[in-house]
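So the structure is just underneath, and the comments pick up after that.
Quantities reported herein were computed from a predicted structural model and do not represent experimental measurements.
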Amino acid sequence: MKAKERRQSILELLVDRGSVQVDELLARYQVSRMTLHRDLEELVDEGWAARIRGGITVVSDTQFESDFRFRQHVNVAEKTRIAKAAARMVSDGQAISLGFGSTVAQMLPSISKRSELTVATASMPILQGLANLRNIELLVVGGQYIQRFDGFFGRRAELGFADFMVDICFLSTSALKFPDVYHQDERVVR
């Protein structure tokens with residue numbers, strides 16, 4: 001197995017399980033410890049994962065935000081409750097912005113029933129979930145696509161959002177200490 005394929009396989013295992021230990025990966029891939037450590041460092045350097053004692057993880061902490069594909073399967077019941085409460089704040093005919101995040105994405109079933117709704121987003125899951133609905137005008141912000149967050153970022157995205165006027169904006173964040181919000185990645189903050 002080539003290094004790129006092995007790293008992709010490790011990442012898929014991480015997304016499925018959250019974390020894995022080095023010894024397990026050594027047995028699975030039958031490579032040297034140095035080769036495996038290079039693979040893991042590459043995943044960490046690219047922002048896909050974080051090192052933990054004896055292994056690697058995609059579970060978020062105060063310094064690291066996990067991959068969207070992992071987060072969308074964590075705490076689903078809680079996220080659904082939050083998303084339903086948030087969606088009740090949306091009225092027909094409003095213009096809203098939906099940010100990145102697995103909790104915001106849980107709003108789609110509720111808001112897709114609204115009529116004459118305008119939605120601005122840079123989130124690929126939001127875009128895909130609303131693209132074929134006739135009752136929603138979809139405004140998409142471009143920029144640099146970052147797979148780990150499943151959305152578009154950078155100066156183009158920032159300028160695109162600056163052009164929109166919305167009635168309400170829904171964002172996910174890692175932490176909140178009123179009135180400030182926090183996120184581990186500066187690209188998301190911008």
Side-chain angles (χ1 to χ4, degrees), residues 8 11-12 14-16 46-49 58-60 64-190:
Q8 183 62 38
L11 183 58
E12 289 170 7
L14 283 166
V15 166
D16 184 51
E46 291 177 0
W48 290 105
V58 291
V59 177
S60 298
F64 173 75
E65 171 72 301
S66 59
D67 186 279
F68 180 87
R69 294 172 295 171
F70 174 73
R71 287 182 286 116
Q72 70 183 350
H73 301 292
V74 176
N75 301 321
V76 175
E78 292 85 354
K79 291 176 182 186
T80 301
R81 279 196 306 276
I82 293 167
K84 284 181 179 178
R88 285 193 294 271
M89 299 170 69
V90 177
S91 301
D92 291 343
Q94 281 189 313
I96 66 171
S97 177
L98 297 178
F100 308 96
S102 53
T103 303
V104 172
Q106 290 289 331
M107 293 177 67
L108 293 183
S110 297
I111 66 164
S112 64
K113 299 170 188 166
R114 297 281 186 243
S115 37
E116 297 183 30
L117 193 65
T118 300
V119 177
T121 191
S123 167
M124 187 65 81
I126 302 294
L127 168 63
Q128 291 169 329
L130 300 178
N132 295 316
L133 299 179
R134 295 176 189 254
N135 57 322
I136 297 192
E137 179 183 1
L138 188 56
L139 305 174
V140 181
V141 173
Q144 176 191 7
Y145 178 73
I146 299 178
Q147 185 179 21
R148 183 162 86 91
F149 296 116
D150 209 1
F152 299 92
F153 291 84
R155 188 73 177 134
R156 285 183 181 228
E158 294 166 30
L159 290 171
F161 275 116
D163 286 342
F164 297 142
M165 293 289 285
V166 296
D167 297 302
I168 190 166
C169 178
F170 296 93
L171 301 171
S172 293
T173 188
S174 300
L176 169 69
K177 183 177 180 185
F178 192 75
D180 299 318
V181 294
Y182 170 82
H183 196 277
Q184 300 91 326
D185 194 297
E186 183 63 30
R187 296 170 295 186
V188 175
V189 173
R190 286 193 300 265

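Leu127 places a side-chain heavy atom less than 4.5 Å from the side chain of Met124. Put simply, the side chain of Asp92 does not reach to within 4.5 Å of the side chain of Glu116, judged on heavy atoms. Within the 4.5 Å cutoff, no side-chain heavy atoms of Leu159 are placed close to those of Asp163. Between Ile136 and Leu117, the closest side-chain pair of non-hydrogen atoms falls below 4.5 Å. Counting only heavy atoms from C-beta outward, the side chains of Arg81 and Lys84 never approach each other to under 4.5 Å. No side-chain heavy atom of Val104 sits less than 4.5 Å from a side-chain heavy atom of Thr121.
Between atom CD1 of residue Ile111 and atom CG of residue Leu130 there is a gap of 5.0 Å, rounded to the nearest 0.5 Å. Atom CD1 in Ile126 sits 5.0 Å away from atom CG in Leu98 (nearest 0.5 Å). Note that CD1 of Ile168 is 3.5 Å distant from CE of Met89, once rounded to the nearest 0.5 Å. The line from OG of Ser97 to CG of Leu139 is 9.5 Å long, rounded to the nearest 0.5 Å.
Minimum heavy-atom separation, Arg114 to Arg88: NH2-CA, 4.1 Å. Here the closest non-hydrogen pair linking Phe100 and Phe149 is CD2-O, 4.3 Å. Of all the heavy atoms in Leu133 and Ser112, the pair that sits closest is CD1-CB, 3.4 Å. Nearest heavy-atom pair, Gln94 versus Asp167, reported as atom, atom and distance to 0.1 Å: CA-OD2, 3.3 Å. Heavy-atom minimum distance, Thr80 versus Gln106: OG1-OE1, 3.2 Å. For the pair Ser123 and Gly99, the tightest heavy-atom approach, listed with the atom from each and the gap, is CB-O, 3.9 Å.
Ring geometry for Phe161 versus Phe164: interplanar angle over 60°, hence perpendicular rather than tilted (30 to 60°).
Between Asn135 and Ser115, the side chains place no donor N or O within less than 3.5 Å of an acceptor N or O (distance only, hydrogens not considered).
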Derivation of the side-chain contact (heavy atoms from CB on, under 4.5 Å) call for Asp150 and Tyr145: CA-CA 7 Å; Asp150 209 1; Tyr145 178 73; 2.5 Å; yes
